[in-house]
Amino acid sequence: MMAMLMRPVRNHSWNVTPLEARQIQESLCQRVDVTPLPDLSQIKTVAGLDVSYAKETNRCYAAVVVTRGPDWEPIEQATAMLDATFPYVPGLLSFREGPALIQALSMLKHAPDLFLFDGQGLAHPRRFGLACHLGVLFDHPAVGCAKRRLTGEHDIPGNTPGAWTPLRDEQTNELIGAVTRTRRNVKPVYVSIGHQLSLDQAIEIVLQTQTRYRLPEPIRMAHRLSNEIRLADLNAEDRSTH
DNA sequence: GCGACAG
DNA sequence: ATCTTGTCGC
């Protein structure tokens, strides 16, 4: 029998109301582990994860691409198509994308050393963004790398690759992420802890997996793959309907 | 009531 | 995020 290597060590109902979703976040956020990894150089493979959607059908197309450093060439990929049962609500993204991403991860034959998500981790109103959520469910190292801000205040980082400024909760002054410049003359990205590493290490992962574009290579590849399977699915649907 | 708001 | 053409700039 084939062992399922990538499966959550804990789970919960995904068929919930927005109110219940917030309660789950407030409960699970206590399990986020910000202990630094003992040795970042032991991270050999990074999985980029992303989801695209079909406007009409509301279907989710999840993609995970496992890459190996130092060049971050893809070594394995997996996808999943699932109809969304939850709407997009700022702060509750993981309840929309989570089920499809979990299914895609379950298809992998090799466990990546770390998950890199297209979204926030701790830089979230309840400190439990997508990267924290799946990191905790899989009990696996995870990083959040978002293109836009969800919450927190910050200054603009210097226009030099690697430059970053703290993203803080203005009320508590808590450090929740790092606004990080990956390329000169390009808008910075929002990096935050997902699970089982430090903010410095999360930043380092994003910078190391970045090549010549704004976003880390694993995320770019997952983004492309999710779009590919979506377009393929929509084309197949057209051909069967006509 | 008004503005903000990952994907 | 998706729907969409061309267009400005390195």
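Labels below follow one simple rule: chain letters A, B, ... track the order of the sequence lines, proteins then strands, and each chain is numbered from 1.
- Dashed line: the shortest gap from a side-chain N or O of A:Arg230 to OP1 or OP2 of C:dT2 is under 4.0 Å.
- Within the 4.0 angstrom heavy-atom criterion, no nucleotide atom of any strand lies near A:Arg184.
- In this structure, A:Leu150 places its CG atom 9 Å from P of B:dC5, rounding to the nearest Å.
- Under 4.0 angstrom from either OP1 or OP2 of B:dC5 there lies at least one side-chain N or O belonging to A:Arg149.
- Stacking of the aromatic ring of A:Tyr88 onto the base of C:dA1 is not found under the criterion of centres within 5.5 Å and planes under 30°.
- Under the side-chain hydrogen bond (donor to acceptor under 3.5 Å, both in side chains) rule, A:Asp139 has a single partner from A:Arg31, A:Arg10, A:Gln196, which is A:Gln196.
- Rounded to an integer number of Å, the gap from A:His124 NE2 to B:dG7 P is 13 Å.
- Between A:Phe115 and A:Phe138, the two ring planes are perpendicular [angle over 60°; tilted spans 30° to 60°].
- Distance check, rounded to the nearest 0.5 Å: CG of A:Leu225 to CG of A:Leu49 gives 10.5 Å.
- Rounded to an integer number of Å, the gap from CD of A:Glu56 to P of C:dT2 is 13 Å.
- If you measure from atom NE2 of A:His223 to atom C1' of B:dG7, you get 9 Å, rounded to the nearest angstrom.
- Relative ring orientation between A:His154 and A:Tyr190 is described as perpendicular, the plane-to-plane angle rising above 60° on a 0-90° scale split at 30° and 60°.
- The CG atom of A:Leu122 sits 14 Å away from the C1' atom of B:dA6 (whole-angstrom rounding).
- Look at A:Lys55 and you won't find any side-chain N or O under 4.0 angstrom from OP1 or OP2 of C:dA1.
- At the heavy-atom level, A:Gly144 lies nowhere under 4.0 Å from the strands shown.
- Here C:dC3 presents its P atom at 13 Å from CG of A:Asn58, a figure rounded to the nearest Å.
- In this structure, the CD atom of A:Gln120 is 11 Å from the P atom of B:dC5, given to the nearest Å.
- At the phosphate of B:dG7, neither OP1 nor OP2 sits under 4.0 Å from any side-chain N or O atom of A:Tyr53.
- Between B:dC5, B:dG7, C:dT2, one nucleotide has an atom nearer to the side chain of A:Arg96 than all others, and that is B:dG7.
- No engagement by A:Leu101 is indicated, since no non-hydrogen atom pair under 4.0 Å with the nucleic acid exists.
- Considering only side-chain N and O atoms, A:Arg148 lies under 4.0 angstrom from the phosphate OP1 or OP2 of B:dA6.
- Distance, A:Arg183 CZ to C:dG9 P: 20 Å, rounded to whole Å.
- At the heavy-atom level, A:Asp118 lies under 4.0 Å from the strands shown only through sugar-phosphate atoms.
- Screening A:Glu20, A:Arg126, A:His133, A:Arg127 for a side-chain hydrogen bond (donor to acceptor under 3.5 Å, both in side chains) involving A:Gln25 leaves a single residue, A:Arg126.
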